Structures are given as C-alpha cells and as structure tokens.
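Some notes on the structure that comes next.
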2 protein chains.
Amino acid sequence: EQELVSGIAYNRDEAKITLIGVPDRPGIAASVFGPLADANVNVDMIVQNVSHDGRLTDMTFTVARPDLQRTMKTLDQAKNMLKFERILSDSNVAKISVIGVGMRSHAGVANTMFKALAEKGINIQVISTSEIKISVLIAEEYTELAVRALHSAYGLDND
Amino acid sequence: EQELVSGIAYNRDEAKITLIGVPDRPGIAASVFGPLADANVNVDMIVQNVSHDGRLTDMTFTVARPDLQRTMKTLDQAKNMLKFERILSDSNVAKISVIGVGMRSHAGVANTMFKALAEKGINIQVISTSEIKISVLIAEEYTELAVRALHSAYGLDND
Ligand SMILES: C[C@@H](O)[C@H](N)C(=O)O
Ligand SMILES: C[C@@H](O)[C@H](N)C(=O)O
C-alpha cells in the first residue's frame, strides 16, 4: 500500500456550499449549475449522494474562498428558479487528498486514511474519490495535524 | 468548452451500496472501511456529503458488480461493529464520466452535462468529481441514451 500512495495534498483556500433538500428528479442539478455557469463561477468538488426516500437529497460543491460571496449572491438571485430547503456555507474547511496510482484497491488505501484521521479525532465532513485520489473535507484547523498524520500513516515521512 | 472535454466514459459493471444514517463523528468511516479492506474488497467511488443536523449522514460506495454479494456479506458480518440505520444496494446503475483537462471551469462543463441528462429525463443519483472528471451514477437502462446525449452536447460526435 505504501507504494500505491505517492503524496498528500491540501488546499485551505476553499469554501463549501451545501444545498439542503433539493428534489431528486431530472433537471434539478442543471437548474443549480446553469446560474453558476452564467456567472462564470469556478467550482472544484461537486458531491451528491443518493436520496433516502426518492424525494429529496443534498448537493455540496466547493469554490475558491474569494468566490464565496459572489457565488452565494448568484444563488440568491436565482432562488426563484431553484428548489431547496436551505443553503449552508462554510469557509472554515480544508480539502485533504491522498494521491496515488492504482487506487483500485481503494478500501485498503481509504481505510488507512480514515483510520489516521479518526485517531486524531478529525471528523470527515465530505468524501469524494477518483481513480487516483481520495479527497475529504475537514475543519480547516486540523489541516497540519491531518497532513502529518497521513504522511506517517502511508510511510511518506522519509521523503 | 468543447476543447476542455476529451471524452465520455461509462461503466455498467458497478453496483452501489449506501449506508443510511451513519453517525457523523470521527472513526465511523474507518469502522466501515476496516472490514472491507480486510476482505480485500476493491472499491471504486466513495461519496459522502455533509450531515444536515451534525448527527447522521449517508455513505455510498461502488464495487464491481461480481463483488456485490461478498461485500454485503462482509458488512453483514461486521454489523455489530458498525452503526447505520439501513443498507441499500443497487446493481442497476451505470457510471457515466465526462473527461477533460482543465475542468477548473467545472460549472460550465457540469452545467452542460446536467442539462443534457435532464433533457433526456435521466435522473442523477450520485455526483462525484475530480480535477479531470465529472462522474455520475444513473439507472443502467439509460446508459446509451446518456452517452449519446453527452457526445453531442460536447460536440464530440465527429470523433
Ligand atoms: C438532485 C439532482 O441531481 C437530480 N437528481 C437531477 O437529476 O438533477
Ligand atoms: C461519517 C463519517 O465520515 C464520519 N464523519 C467520520 O469521520 O468517520
């Protein structure tokens, strides 16, 4: 597993926005991203999970922290076309990523990451993965602790 | 935007598993992935969103369809160590990905994807992104329709 992971990256310049209670039916994701695209908002992560009841779910996305105000304003101006129960925003987050080739064996690599964060009492707010990366959002104050814990968990200390 | 997207990929060989109602506190993600790692389960996507109330959230992950039974059995055997309200599994899904460099402009690329799926009445069940890719899970029966709609939405028809 050590040979799978090549590095740990972090980004403290992000803010997360969550639309709570969006209807789970075709067209809703497009209704949110239309206004954002028109306003030229650069989005980084987009995370949505299944809805439990087939009716509502939540959508979270991250933008660069300097864009948070503008993004919230864009959503507010479009609110008559959007359907959601409430919007949460939080700029006290950091994105921490474990990077490596051959992440196919995710469960082992993921387990090491989640365990290392758990041992330091760091709560995982959001998880998103790709073939070469596992990214989580955590509270920004834990950034150094998380990065150091992950470096030693994957034996990257001697780099 | 056309020049940003280089291709559309799909995978109908996946199954999704959702743990509904896991506590949102440190150590819970590790408690789920420990048994999966021990059982050598290969996981592809891992998606978790913020919890609304700070108490519970859901975790979804995908495995290769042939691994679904084994994965469910692993979770069942570990259920005394796990905390969740219920488990959903569904092998009728397809992962559709829009691939391209410079996805930083996500909102525009994402909007085109979500709009093209919406116009065909295709519901987006899960969304997960990376720097080079936007992936969604949809009902498997819509795979060809989705891939064709996305090819024309990004002007890739002439490839
Ligand atoms: C929630 C949102 O993703 C919805 N399911 C859609 O397809 O647009
Ligand atoms: C839900 C789960 O991710 C939890 N927040 C943890 O840190 O493990």
Side-chain angles (χ1 to χ4, degrees), chain A residues 16 18 20-21 24-34 36-37 39-52 57-61 88 90 104-112 114-115 117-137, chain B residues 16 18 20-21 24-34 36-52 57-61 88 90 104-108 110-112 114-115 117-137:
Chain A
K16 74 175 200 276
T18 303
I20 301 265
D24 185 21
R25 56 163 194 269
I28 297 299
S31 71
V32 171
F33 277 82
L36 295 178
N40 277 324
V41 171
N42 273 350
V43 168
D44 181 26
M45 298 170 83
I46 308 172
V47 179
Q48 178 206 310
N49 208 334
V50 293
S51 83
H52 299 198
T57 188
D58 308 324
M59 288 181 78
T60 291
F61 58 90
L88 304 174
D90 177 6
R104 278 287 146 205
S105 75
H106 265 323
V109 176
N111 182 46
T112 300
F114 300 158
K115 227 169 60 188
L117 296 175
E119 278 162 8
K120 299 291 180 205
I122 299 172
N123 191 50
I124 301 167
Q125 298 180 15
V126 171
I127 304 171
S128 179
T129 60
S130 75
E131 278 69 15
I132 56 162
K133 214 159 81 162
I134 303 178
S135 296
V136 297
L137 288 182
Chain B
K16 73 173 200 277
T18 303
I20 300 264
D24 184 21
R25 55 164 197 268
I28 297 298
S31 71
V32 171
F33 277 83
L36 295 178
D38 294 346
N40 277 324
V41 172
N42 273 350
V43 168
D44 181 24
M45 298 171 81
I46 308 172
V47 179
Q48 178 208 313
N49 209 334
V50 293
S51 84
H52 301 199
T57 189
D58 308 325
M59 289 180 81
T60 292
F61 57 91
L88 305 174
D90 177 7
R104 276 289 146 202
S105 75
H106 265 314
N111 182 46
T112 300
F114 300 158
K115 228 169 59 187
L117 296 175
E119 280 163 8
K120 300 293 180 203
I122 299 172
N123 192 48
I124 299 166
Q125 298 179 15
V126 170
I127 304 172
S128 179
T129 60
S130 75
E131 278 69 14
I132 56 161
K133 213 158 83 159
I134 303 178
S135 297
V136 297
L137 289 181

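Chain naming here is simple, since letters A, B, ... match the order of the sequence lines and numbering starts at 1 in each. Note that the structure is predicted; figures quoted are calculated from it, not measured.
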> Atom CZ of A:Phe33 and atom CD1 of B:Ile134: how far apart are they, to the nearest 0.5 Å?
Replying inline: 8.0 Å
>> So which atom in A:Ala107 and which in B:Val41 form the shortest heavy-atom distance, rounded to 0.1 Å?
In response: CB-O, 3.1 Å
>> With a 4.5 angstrom heavy-atom cut-off, is it the side chain or the backbone of B:Thr18 that approaches chain A, or both, or neither?
In response: side chain
>> According to salt bridge (Lys or Arg N to Asp or Glu O under 4.0 Å), who are the partners of B:Asp90, at least two apart in sequence or on a separate chain?
In response: B:Lys16
> With chain A, which of B:Ser128, B:Pro26, B:Gly21, B:Ala30 has the greatest number of heavy-atom pairs at distances under 4.5 Å?
Replying inline: B:Pro26
> Minimum heavy-atom separation for B:Ile127 to A:Met59, with atom names?
Replying inline: CD1-CE, 3.9 Å
>> Which one wins on heavy-atom pair count under 4.5 Å against chain A: B:Ser135, B:Ala37, B:Gly121?
In response: B:Ala37
> Do the side chain of A:Thr60 and the main chain of B:Asn49 share a donor and acceptor less than 3.5 angstrom apart?
Replying inline: no
> Highest number of heavy-atom pairs under 4.5 Å with chain A: which of B:Val136, B:Val126, B:Asn123?
Replying inline: B:Asn123
> Does any heavy atom of chain B fall under 4.5 Å from the side chain of A:Ile20, the backbone, both, or neither of them?
Replying inline: side chain
> Checking side-chain contact (heavy atoms from CB on, under 4.5 Å) for the pair A:Asp58/B:Val50: CA distance, chi angles, key distance, verdict?
Replying inline: CA-CA 9 Å; A:Asp58 308 324; B:Val50 293; 5.7 Å; no
> Can A:Lys133 and B:Glu131 be said to form a side-chain contact (heavy atoms from CB on, under 4.5 Å), step by step?
Replying inline: CA-CA 10 Å; A:Lys133 214 159 81 162; B:Glu131 278 69 14; 2.7 Å; yes
> When rounded to the nearest 0.5 angstrom, what is the spacing between CZ in B:Arg25 and CD1 in A:Ile124?
Replying inline: 13.0 Å
>> Only pairs of heavy atoms separated by less than 4.5 Å count here; which of A:Val47, A:Leu36, A:Ile122, A:Ile28 has the most with chain B?
In response: A:Val47
